[in-house]
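Let me begin by presenting the structure, written as structure tokens, before commenting on it.
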Amino acid sequence: MSERKVRVRFAPSPTGPLHIGGVRTALFNYLFAKKHGGDFILRIEDTDQARYVPGAEEYIQEALQWCGITIDEGPAQGGPFAPYRQSERKELYRQYAEQLLLSGHAYYAFDTPEELDSARSTAEGEGETFTYNALSRSQMKNSLSLPEEEWKALQSASTQYVIRFKMPDNLDVTEVDLIRGSVTFNTSLLDDKVLFKSDGMPTYHLANVVDDHLMEITHVIRGEEWLPSMPLHVLLYRAFGWEETMPRFTHLPLILKPEGKGKLSKRDGDKLGFPVFPLLWKDKITGEPSRGYREDGYFSDAFINLLALLGWNPGTEQEIFSMDELCQIFSLERVGKSGARFDPEKTKWFNHQYFIKKSDSELGELLIPFLKERGITVELPMATKVCGMVKERCNFVSEIWDQSYFLFQAPTTYDEKIVSKRWKDDVPEIMSDLARFLGDIEPWNALAIKDPFSAYVTAKGWNFGTVMNSLRLCLVGGSFGPDIFEICEILGKSETVSRILKALEKIKN
């Protein structure tokens, strides 16, 4: 096993948008592969045609691309084990189902849905749960309980059937999980799972084991909801005679709700106001949108960083990691067994760390189209300067607008509480005087304005706090904003003086 090249797969079903739990599974697979110089494969498990959602596969591809998770082999990329969509491999699975039938590890079952419902009802009436297994299969309609001529006649009459795995009775199946250690299941608690459905498609269990073997997968890293399926998959490897090349299993802990109980769901995000999908998704039937981290303004590297630390611990106090750093230090040994609580506020913190590390000009480039959507056109030097002034107080590009909109549009109203508190009898005269004084200052920049302004206010004997607060009210409409002299510089002399004069007129009225 140690000599084989590491090969992992992320195998989502295209039944809707990719949950962040799925993205984390893809990420942990990717990091493990890259740490060991291996391959990351995307396989689309679309055997459940009834639940197939158009556009979901494209969404998965786009989400992984946005996250910076590079696919080595997949439906779009191709590869030596193509095709990578299970619906395009269905003829393959039939031959392996037949192999299990011939070796006695599987059997035909002809039970109708009504007959299965009846068996369930009978069991419930006796206070039990119906399980199709070694104890009950002899009472059901299958190729083990029926005479050969009878079940073959059913087959000849094109009676619908499924192929079930013949689960051994009362056998302990032990396998090592790379996170949980040795795990043992007794088959008396397991049912005879359907491997091949009446519609000619395999179930997840058969297709996944066959594909993992044929694609030479060395490690299966998946969510803990698949842990109960591990004994069946191990028994399938044994039944096929593939035990020597069976992959190592790892089952990742759940991502939990913010309060720490239960699996994180879309409903939690809707209720608490955060996305649970990487990208925006629109329901194909209702048209209802579901928020995405990309559209909410998160940087992909911040998103990946926060996901990496959900369930994995680097063993140090470090919290900020690039993808390359994660690839170097990631290990399954440091993934915890218990669920990881999702903290929406921590996700904002991560984005803030990446936000403030970006240069002012990078943020300026992102701000320009945001302003353009609001009908505001600015050049990069101004956008850059604005970002430098306010970025420490922001988590997202959208918040730059919240912190600086007054630099792009003059106030039309003035905070009544501030007017009542600051706009005293002598303030209009002071502001009028300042407008004339500022009109004569050259050159016009924050440093050139500050010293003569301060000297002028002192010489006049005015209260500095009253002057500064009143000037801020004139320029921004309230008592908020960054350094007043930086505001003056960005507005320019003409606009600064104009806003003072407009405020004098409007507040008087």
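Side chains included, hydrogens not; waters and symmetry mates left out as well; all remaining heavy atoms used.
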Checking Ser359 against Ser361: is there a side-chain donor and acceptor pair closer than 3.5 Å?
yes
N/O donor-acceptor pair under 3.5 Å between Ser404 side chain and Leu407 backbone:
no
Flag the pair Val234 / Phe185 as yes when at least one side-chain heavy-atom distance between them is below 4.5 Å, and no otherwise.
no
Relative to the ring of Tyr405, is the ring of Trp401 parallel (under 30°), tilted (30 to 60°) or perpendicular (over 60°)?
tilted
Above 12 or not: heavy atoms from other molecules or residues under 6.0 Å from NZ of Lys34?
yes
Decide yes or no for Leu264 and Ile20: does some side-chain heavy atom of the first lie under 4.5 Å from some side-chain heavy atom of the second?
yes
Are the aromatic ring centres of His36 and Phe32 under 6.0 angstrom apart?
yes
Between the OG1 atom in Thr47 and the NE2 atom in His205, the distance rounded to the nearest 0.5 Å is 10.0 Å
Hey, does His105 have a side-chain heavy atom less than 4.5 Å from the side chain of Leu236?
no
In terms of relative ring orientation, are Tyr204 and His233 parallel, tilted or perpendicular, with 30° and 60° separating the classes?
tilted
Classify the side-chain pair Asp199/Gln49 by whether it contains a donor and acceptor separated by less than 3.5 Å.
no
Partner of Asn142 under side chain to side chain donor-acceptor pair (under 3.5 Å), chosen from Tyr107, Tyr108, Tyr132:
Tyr132
Main chain of Gly21, side chain of Thr25: is a donor-acceptor contact present, judged purely on distance under 3.5 Å?
yes
Side-chain donor-acceptor pairs of residues 309-317 under 3.5 Å, sequence neighbours excluded:
{"unit_1": "Trp312", "atom_1": "NE1", "unit_2": "Ser331", "atom_2": "O", "d": "3.4"}
{"unit_1": "Asn313", "atom_1": "OD1", "unit_2": "Gly315", "atom_2": "N", "d": "2.7"}
{"unit_1": "Thr316", "atom_1": "OG1", "unit_2": "Gln318", "atom_2": "N", "d": "3.3"}

Decide yes or no for Thr122 and Phe130: does some side-chain heavy atom of the first lie under 4.5 Å from some side-chain heavy atom of the second?
no
Evaluate Asp268 against Lys266 for salt bridge (Lys or Arg N to Asp or Glu O under 4.0 Å), listing each step before the verdict.
CA-CA 5 Å; Asp268 300 311; Lys266 178 181 178 296; over 6 Å; no
Please check this pair: side chain of Glu115 against backbone of Thr112, looking for a donor-acceptor N/O pair closer than 3.5 Å.
yes
With under 30° as parallel and over 60° as perpendicular, where do the rings of His213 and Trp242 fit, or are they tilted in between?
parallel
Rounded at 0.5 Å granularity, tell me how far NZ in Lys257 sits from CG in Leu254.
11.0 Å
4.5 Å side-chain heavy-atom contact, Ser182 and Thr174
yes
Does atom NZ (Lys141) have a neighbourhood of more than 12 heavy atoms from anything else shown, all under 6.0 Å?
yes
Answer yes or no: is there a donor N or O on one side and an acceptor on the other, between the side chain of Arg43 and the main chain of Arg85, under 3.5 Å?
no
Taking 4.0 angstrom as the limit, do Asp270 and Arg267 come out as a salt bridge?
no
Is His219 reaching over with its side chain to a backbone N or O of Arg7, donor-acceptor style, under 3.5 angstrom?
no
With heavy-atom distances below 4.5 Å as the criterion, would you say the side chains of Lys197 and Pro202 are in contact?
no
Run the salt bridge (Lys or Arg N to Asp or Glu O under 4.0 Å) test on Lys357 and Glu362 for me, step by step, so that the C-alpha distance in whole Å, both residues' side-chain angles and the decisive distance to 0.1 Å come before the verdict.
CA-CA 10 Å; Lys357 281 202 301 184; Glu362 280 181 287; over 6 Å; no
Using the rule side-chain contact (heavy atoms from CB on, under 4.5 Å), only one of Thr187, Leu189, Val173 pairs with Pro231; which is it?
Val173
Main chain of Ser136, side chain of Asn133: is a donor-acceptor contact present, judged purely on distance under 3.5 Å?
yes
Does Asp72 reach the main-chain N or O of Ile41 with its side chain, forming a donor-acceptor pair under 3.5 Å?
no
Test: Arg24 cationic atom under 6.0 Å from Phe28 six-membered ring centre, within 45° of axis:
yes
Give the minimum heavy-atom separation between Phe40 and Asn29, together with the two atoms involved.
CE1-CB, 3.8 Å
Please say which of Trp66, Tyr298, Phe396, Phe350 ends up in a ring-ring contact (aromatic ring centres under 6.0 Å, His included) with Tyr293.
Tyr298
Determine whether the aromatic ring centres of residues Tyr354 and Phe299 are separated by less than 6.0 angstrom.
no
Do His251 and Arg180 get their side chains close enough for a donor-acceptor pair, meaning under 3.5 Å?
no
I'd like to know if the side chain of Arg4 and the backbone of Thr245 have a donor-acceptor N/O pair within less than 3.5 Å.
yes
Could you go through the salt bridge (Lys or Arg N to Asp or Glu O under 4.0 Å) check for Lys385 and Asp360 one step at a time?
CA-CA 7 Å; Lys385 197 172 286 186; Asp360 297 348; over 6 Å; no
Measure from NZ or CZ of Arg94 to the centre of the six-membered ring of Tyr96, then state whether that distance is under 6.0 Å and the direction lies within 45° of the axis.
no
Would a 4.5 Å heavy-atom cut-off, applied to side chains only, mark Asp343 and Thr347 as touching?
no
Does the Arg248 side chain pair with the main chain of Val176, one donor and one acceptor, at a distance under 3.5 Å?
no
Dump the intermediate steps for salt bridge (Lys or Arg N to Asp or Glu O under 4.0 Å) on Lys90 and Glu88, then the final yes or no.
CA-CA 6 Å; Lys90 63 180 183 180; Glu88 297 171 8; over 6 Å; no
Please round to the nearest 0.5 Å and tell me the distance separating atom CD of Gln403 and atom SG of Cys387.
12.0 Å
Using residues 275-284 as the side-chain source, report each donor-acceptor pair under 3.5 Å to any protein atom, sequence neighbours left out, with the distance given to one decimal.
{"unit_1": "Asp283", "atom_1": "OD1", "unit_2": "Ile285", "atom_2": "N", "d": "2.8"}
{"unit_1": "Asp283", "atom_1": "OD1", "unit_2": "Thr286", "atom_2": "N", "d": "2.8"}
{"unit_1": "Asp283", "atom_1": "OD1", "unit_2": "Thr286", "atom_2": "OG1", "d": "3.3"}

Distance-only, no hydrogens or angles: does the Asp212 side chain make a donor-acceptor pair with backbone N or O of Ile217 under 3.5 Å?
no
Check: Asn186/Ser188 side-chain N/O donor and acceptor closer than 3.5 Å
yes
